[in-house]
Amino acid sequence: MAPTAAEQHTRKAVGLAARDASGHLSPVAITRRSTGDDDVVIKILYCGICHSDLHSIKNEWKNARYPMIPGHEIAGEVTEVGKNVTKFKAGDRVGVGVMVNSCQSCESCNKGFENHCPGIIPTYNTVDLDGTITYGGYSGMVVVHERFVVRFPDTIPLDKGAPLLCAGITVYSPMKYHGLNAPGMHLGVLGLGGLGHVAVKFGKAFGMKVTVISSSSGKKQEALERLGADAFVVSKDADEMKAAMSTMDGIINTVSANIPMAPLLGLLKPNGKMIMVGLPEKPMEISPFSLVALNKTLAGSCIGGMRDTQEMLDLAAKHAVTADIEVISAEYVNTAMERLAKADVRYRFVIDIGNTLDKAAASSE
């Protein structure tokens, strides 16, 4: 049977997909669109595993479209560009983060905040403007509008840089827009995981005093000696919490668990800010007095626009900020997901797509 017109304008690829809420990932053949005039074709070399990938493949957010290929921390190399593309050429080292399209014409898009666009198209598990389902970076290649592609500075390794496209911009953006990026300020980082460890590094890059706040002392030595934090507070230690009361200008809250908020807000100075970037499953209970009495702010932040993402990467290159990673093969991905569910990773899994995906696909046939 001859291919249809639509099929003639697609290209074949392979990816690791979940087919149901078990979340088990296995190779699947997919198609990507042909190169449009404004598109960049990317050979994917590495893709980070974000905790949201785990939520998504297990349908914990009740919006899963199967088969689902997750992954929105994509790093690779340009292989082809459309005729209108001016920012990239074949051979460039590039990345794709949490979104691959937007309306590109609303107020938010016009101001460089595509992440706030009502028509945002996430990198996977949604319907693109052409009616196709988006597939993420656990795959061999991707075709993306040039507006949603960023350039990796030469000094950032692609494997260690990939997680910055989600974890990096997620903590960089609120630090920038809430004024938590000035030398000498005191920043608290609540939770030392995939997001938190990058927040520590950016805080130090900005010249701030950084205190890690964690529920146990298990990561204290690592936080202070390897990541460069200035102090460490165990949130379950009443004496340590009391000593740190009213000392911090801001807190980046990366925790996705439901925890008591009043003691943490007590760590802030008058006019201090806590910015939520983690997503607890249940609604939070907060006494108005913990905010009103000393003019404190509780805010949220969701990734960042494309201009800020490029700015973040350039700053990361200047200050040698990269993620701490464990590189894994495509065949190991289900074990990695099991470990991620137990928080058994320091601090980000990154799949070596370029060297191991084809082998994983071949072994499953």
Side-chain angles (χ1 to χ4, degrees), residues 21 23 48-64 70 72-73 98 163 166-168 170-171 173-175 178 180 187-200 203 210-220 222-223 227 229 231-238 240-242 244-245 248 250-268 272-287 290-291 296-303 323-324 326 336-349:
I49 296 180
C50 177
H51 210 284
S52 60
D53 297 344
L54 181 59
H55 290 301
S56 296
I57 61 176
K58 291 183 173 292
N59 198 24
E60 293 175 356
W61 291 336
K62 308 304 179 187
N63 66 347
H72 57 211
E73 298 178 344
V98 180
C166 175
T170 294
V171 297
S173 184
M175 293 169 77
H178 289 278
L180 301 176
L187 177 72
V189 176
L190 180 59
L192 193 64
L195 296 176
H197 89 285
V198 177
V200 171
V210 178
T211 295
V212 171
I213 309 155
S214 183
S215 59
S216 74
S217 60
K219 298 178 181 177
K220 181 175 182 178
E222 190 165 9
L227 296 177
F232 192 97
V233 171
V234 178
S235 59
K236 294 181 179 179
D237 187 311
E240 290 191 16
M241 289 290 286
K242 183 178 180 180
M245 289 282 283
M248 300 177 189
I251 295 173
I252 300 293
N253 183 346
T254 74
V255 175
S256 293
N258 288 90
I259 54 178
M261 295 295 289
L264 298 165
L265 289 166
L267 299 176
L268 293 171
K273 301 177 179 182
M274 177 184 285
I275 317 300
M276 300 286 300
V277 293
L279 293 170
E281 184 178 344
K282 299 175 182 177
M284 297 181 295
E285 290 190 11
I286 300 169
S287 166
S290 62
L291 296 174
K296 296 176 183 178
T297 297
L298 178 64
S301 180
C302 181
I303 56 171
D324 289 14
E326 180 178 335
M337 288 296 185
E338 293 173 3
R339 287 179 53 192
L340 180 60
K342 302 173 185 176
D344 178 23
V345 57
R346 295 288 189 276
Y347 284 97
R348 209 58 150 194
F349 288 118

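Any value given below was found using the heavy atoms of this structure, including those in side chains, with hydrogens, waters and symmetry copies removed.
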Step-by-step side chain to side chain contact (heavy atoms under 4.5 Å, CB included) determination, Leu264 to Met241: CA-CA 8 Å; Leu264 298 165; Met241 289 290 286; 4.2 Å; yes

CG on Leu227 to CG on Asp324, rounded to 0.5 Å: 6.0 Å

Test item: Leu267 and Leu190 side chains (from C-beta on) under 4.5 Å apart, heavy atoms: no

Rounded distance [0.5 Å steps], OG in Ser56 versus NZ in Lys62: 12.5 Å

Closest heavy-atom pair and its distance - Leu192, Lys219: O-NZ, 2.8 Å

4.5 Å side-chain heavy-atom contact, Met337 and Lys58: no

Arg339 CZ to Glu326 CD distance, which is reported to the nearest 0.5 Å: 4.0 Å

Closest contact, heavy atoms only, Phe232 versus Ala223: CD1-CB, 3.8 Å

Distance, nearest 0.5 Å, that separates NE2 of His72 from CD1 of Ile303: 8.5 Å

Closest contact, heavy atoms only, Leu195 versus Ala167: CD2-CA, 3.3 Å

Side-chain donor or acceptor of Asn59 paired with backbone N/O of Ala21 under 3.5 Å: no

CE on Met284 to CG on Asn258, rounded to 0.5 Å: 8.5 Å

Cys166 to Arg348 - nearest heavy-atom pair and separation: SG-NH2, 4.3 Å

For the student: nearest non-hydrogen atoms of Pro163 and Glu73, plus distance: CA-OE1, 3.4 Å

Separation of His55 NE2 from Leu279 CG (nearest 0.5 Å): 7.5 Å

Any Glu240 side-chain heavy atom under 4.5 Å of Val233 side chain: yes

Test side chain to side chain contact (heavy atoms under 4.5 Å, CB included) applied to Leu340 and Asp53, step by step: CA-CA 10 Å; Leu340 180 60; Asp53 297 344; over 6 Å; no

Non-hydrogen atoms of Phe349 and Asp344 that approach each other most closely: CZ-O, 3.8 Å

Polar side-chain atom of His197 near backbone of Gly194 as donor-acceptor pair, under 3.5 Å: yes

